[in-house]
Amino acid sequence: MDAAASNPANVPEQSTGSADLVVLGLGYVGLPLAAAAASAGVKVTGLDVNAQVVDSLNQGDSHIDDLTPDDVRAMLDQGFNATTDPACLATARTIVICVPTPLSPEGGPDLGAVTAASKAIATRLSPGTVVILESTTYPGTTDEVVRPLLEESGLVAGADFHLAFSPERIDPGNPTFGVTNTPKVVGGLTEECGEAAAEFYGRFVHKVVRARGTREAEMAKLLENTYRHVNIALVNEMAIFCQELGVDLWDSIAAAATKPFGFQAFYPGPGVGGHCIPIDPNYLSYKVKTLGYPFRFVELAQEINSRMPAYVMQRAQELLNDSGLALSRSKVLLLGVTYKADIADQRESPARPVARKLAAKGATLTYHDPHVESWQVDGVDIPRSTDLEQAMADADLTILLTDHSDYRPKLLEEYARLLLDTRGVLRRSEADEPVTTGPEIPVQARRKVQREGLQVL
């Protein structure tokens, strides 16, 4: 039996003069967390290695979609400050690690930022501190990687300080769910660690869900995103063969979605983007491989979703051929280069591999995106169009890759000479159009493509 289990009650209280919270990593996860905590009266310090980000925040500017400059200025008024100096860790009552975990060349998570953060904390760790990892990773990371590094301080997790894992659930650009109203899963190294972490989050999150331990909480995050990854791959593969079978998959999905139980609608697209869905399931696959097993569902889903950019290029080529045009001599306009609608986040966006394949076939590319002022593919600047109507009229082919709200069905139909809609925008009714089917039918089924030369993936 280790010290944490044999002596779980010895975690001392810190002095009342210490800081409430240090958020380590001020990106898409850490900054919204800091904002939610600050608005609840928690004294928050943000720690980041990027001096430009720190200076910008302290001046009241925001570098992420979910927070406006007004939001950041409100945080500053509530006592928030950002710093690059890890000395702030020494007085923190709670430390939350929100650093990136990209894929390594081997296909597993690159834990370089997590280990660097853990080492920085260890040299300044005080008795009674609550340390929580939010960075997505494989099951066992908190106990097997973070814990030993923190215990280099001479303090024992569960006996001298609390250690827990709580998966981030940030959905950039989501107007309905944020930090406070999305249930927070928490798993502690010990029961007491879990209680301490849950008590912290309970100060500003409406509902805290206790997992059995850190490994269960780590697995919960991977399960959520693997579920989405696999189901997106399912409809992407169905889109390919439904096109060959002459089946309107969008109509089939809408019909299936009327079932009030046992079905959730997923929709095809040009690929998957963002940090979570294309990346996180690989962490689980990596861990499973260490046991000597292949994780075939994840590997197959990755294969299917990764080939969608090539399928988009194939459909584009066919659409041009049907009009007597060659891709190699065509002007192609890409609408939307971010990974999801109405945000500026380009992480893992499928627009880049689509553009790469089109360019390799000789297409002349331009792009339009109201949220992205400049865009490069393999170091080459792609010209930006600012006049959407004129850009569509000038292009031989328009490919809609991201369903920004600017891209309205009527506008697309009126100005695009040829259009490949990879997001089902043409199937959506607009506010001034009559709804021709019952309210139980999802919006994607309420509209039909109006003329030749317009296709939906």
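Count residues from 1 along the sequence.
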Exercise for review: Please name the pair of heavy atoms, one in Ala157 and one in Leu189, separated by the smallest distance, quoted to 0.1 Å.
Suggested key: CB-CD2, 3.5 Å
Exercise for review: For a side chain to side chain donor-acceptor pair (under 3.5 Å) with Arg73, tell me which candidate from Asp77, Asp70, Asp71 qualifies.
Suggested key: Asp70
Practice item. Please examine the side chains of Thr422 and Ile399, heavy atoms only from C-beta on, and report whether any two atoms are closer than 4.5 Å. Key: yes
Review point. What closest approach, in Å, do Val235 and Leu249 show between heavy atoms, and which atom pair accounts for it?
Key: O-CD2, 3.6 Å
Check your understanding: Just wondering, more than 12 heavy atoms not from Glu144 lying within 6.0 Å of its CD?
Key -> yes
Review point. Given the rule in the salt bridge (charged side-chain N to carboxylate O under 4.0 Å, His left out) test, do Lys340 and Asp171 qualify, once you have shown the distances and angles that lead to the verdict?
Key: CA-CA 10 Å; Lys340 66 182 294 189; Asp171 184 19; 2.6 Å; yes
**Study point:** Arg356, CZ atom: more than 12 neighbouring heavy atoms under 6.0 Å
**Key:** yes
Point to revise | Residue pair Pro139 / Leu222: nearest heavy atoms and the distance that separates them | key: CD-CD1, 3.7 Å
Practice item. Please answer whether the main-chain N or O of Arg423 pairs with a side-chain N or O of Asp403 as donor and acceptor at a distance below 3.5 Å. Key: no
Practice item. Under the side chain to side chain donor-acceptor pair (under 3.5 Å) rule, collect the residues that match up with Ser374, sequence neighbours excluded. Key: none
Check your understanding: How about Tyr311 and Arg315: does a side-chain donor come under 3.5 Å of a side-chain acceptor?
Key -> yes
Exercise for review: Mark yes or no for whether Arg203, through its side chain, and Glu199, through its backbone, hold a donor-acceptor pair below 3.5 Å.
Suggested key: no
Review point. Is the closest side-chain heavy-atom distance between Ile232 and Asn305 below 4.5 Å?
Key: yes
In residues 130-138, what donor-acceptor pairs under 3.5 Å come from side-chain atoms, sequence neighbours left out?
residue : atom : partner : partner atom : Å
Glu134  : OE2  : Lys184  : NZ           : 3.1
Glu134  : OE2  : Tyr201  : OH           : 2.6
Ser135  : OG   : Val99   : N            : 3.0
Ser135  : OG   : Val99   : O            : 2.6
Thr137  : OG1  : Thr141  : OG1          : 2.7

**Study point:** Gap between atom OG of Ser118 and atom CD1 of Ile97 - 0.5 Å precision
**Key:** 4.5 Å
Exercise for review: Look at atom OH of Tyr293 and say whether more than 12 heavy atoms of other residues, nucleotides or ligands are closer to it than 6.0 Å.
Suggested key: no
Check your understanding: Heavy-atom distance under 4.5 Å between the side chains of Asp20 and Val44, does that happen here?
Key -> no
Revision key, fill the gap. Across all chains, not counting sequence neighbours, the ring pair (Phe, Tyr, Trp, His ring centres under 6.0 Å) partners of Phe204 are Phe200
Check your understanding: Heavy atoms, side chains only, cut-off 4.5 Å: are Arg215 and Asp143 in contact?
Key -> yes
Review point. If you take all heavy atoms of Leu334 and Leu358, which pair is closest and at what distance?
Key: CD2-CD1, 3.9 Å
Check your understanding: Can you find a side-chain donor-acceptor pair between Gln302 and His229 that sits under 3.5 Å?
Key -> yes
**Study point:** Student check: side-chain heavy atoms of Val185 and Pro167 closer than 4.5 Å
**Key:** yes
Check your understanding: Among all residues two or more places apart in sequence or in another chain, which pass the side chain to side chain donor-acceptor pair (under 3.5 Å) test with Glu151?
Key -> Arg147
Practice item. Step by step, work out the side chain to side chain contact (heavy atoms under 4.5 Å, CB included) result for Met308 and Leu457. Key: CA-CA 10 Å; Met308 290 308 292; Leu457 192 66; 4.0 Å; yes
Practice item. Decide yes or no for Leu412 and Asp421: does some side-chain heavy atom of the first lie under 4.5 Å from some side-chain heavy atom of the second? Key: no
Exercise for review: Could you please spell out the steps behind the side chain to side chain contact (heavy atoms under 4.5 Å, CB included) verdict for Leu111 and Val145?
Suggested key: CA-CA 9 Å; Leu111 298 179; Val145 177; 4.2 Å; yes
Point to revise | Spatial distance of atom OG (Ser39) from atom CZ (Phe80) [nearest 0.5 Å] | key: 12.5 Å
Check your understanding: Does the salt bridge (charged side-chain N to carboxylate O under 4.0 Å, His left out) test come out yes or no for Lys119 and Glu152, once each step is laid out?
Key -> CA-CA 8 Å; Lys119 290 176 181 178; Glu152 289 179 3; over 6 Å; no
**Study point:** Rounded distance [0.5 Å steps], CG in Asp369 versus OG1 in Thr338
**Key:** 5.0 Å
Check your understanding: Short question: side chain of Asp48, backbone of Leu26 - any donor-acceptor pair under 3.5 Å?
Key -> yes
Practice item. For Asn81 and Thr45, indicate whether the former's side chain and the latter's backbone hold a donor-acceptor pair under 3.5 Å. Key: no
Point to revise | Sidechain-backbone polar pair: Thr129 side chain, Leu125 backbone, donor-acceptor under 3.5 Å | key: no
Point to revise | Under 3.5 Å: donor-acceptor pair, side chain of Arg428, backbone of Pro409 | key: no
Check your understanding: How far does NZ of Lys287 sit from OG of Ser285, to the nearest 0.5 angstrom?
Key -> 13.0 Å
Study note, to complete from the structure: Here the gap from Glu191 atom CD to Glu195 atom CD, rounded to the nearest 0.5 Å, amounts to 5.0 Å
Check your understanding: So, the side chain of Gln78 versus the backbone of Gly41: is there a donor-acceptor pair under 3.5 Å, distance only?
Key -> no
Exercise for review: Take atom CD of Gln52 as the centre, draw a 6.0 Å sphere, and report whether it contains more than 12 heavy atoms from other residues, nucleotides or ligands.
Suggested key: no
Point to revise | Qualifying residues under ring pair (Phe, Tyr, Trp, His ring centres under 6.0 Å), relative to Phe266, sequence neighbours excluded | key: Tyr227
Check your understanding: Mind checking whether Leu150 and Val146 have side chains closer than 4.5 Å, heavy atoms only?
Key -> yes
**Study point:** Expected output: side-chain Arg352 to main-chain Gln376 donor-acceptor under 3.5 Å
**Key:** yes
Check your understanding: Is the backbone N or O of Thr176 less than 3.5 Å from a side-chain atom of Asn181, with the two atoms forming a donor-acceptor pair by type?
Key -> yes
Exercise for review: Assess whether side chain to side chain contact (heavy atoms under 4.5 Å, CB included) is satisfied between Leu31 and Leu57, documenting all intermediate values.
Suggested key: CA-CA 10 Å; Leu31 194 57; Leu57 289 172; 3.7 Å; yes
Review point. Between Ile304 and Ala233, what is the shortest heavy-atom contact and its length?
Key: CG2-O, 3.4 Å
Practice item. State the CE-CG distance between Met238 and Leu234, to the nearest 0.5 angstrom. Key: 6.0 Å
**Study point:** Counterpart residues, ring pair (Phe, Tyr, Trp, His ring centres under 6.0 Å), relative to Tyr407 (two or more places apart)
**Key:** His368, His404
Review point. What pair of heavy atoms forms the shortest contact from Arg427 to Trp250, and how long is it?
Key: NH1-CB, 3.3 Å
Check your understanding: So, Asp342 and Ser405: side-chain donor and acceptor under 3.5 Å apart, yes or no?
Key -> yes
Review point. With distance as the sole test, does Gln59 use its side chain to make a donor-acceptor pair with the main-chain N or O of Asp61 at under 3.5 Å?
Key: no
Check your understanding: Going through the distances and angles, do Lys259 and Gln264 end up as a side chain to side chain contact (heavy atoms under 4.5 Å, CB included)?
Key -> CA-CA 9 Å; Lys259 186 178 181 181; Gln264 179 179 353; over 6 Å; no
Check your understanding: For Glu373, does the CD atom sit with more than 12 other heavy atoms under 6.0 Å from it, leaving out its own atoms?
Key -> no
Review point. Do Val337 and Thr402 touch side chain to side chain, with heavy atoms closer than 4.5 Å?
Key: no
Check your understanding: Looking at Lys221 and Glu216, does any basic side-chain N land under 4.0 Å from a carboxylate oxygen?
Key -> no
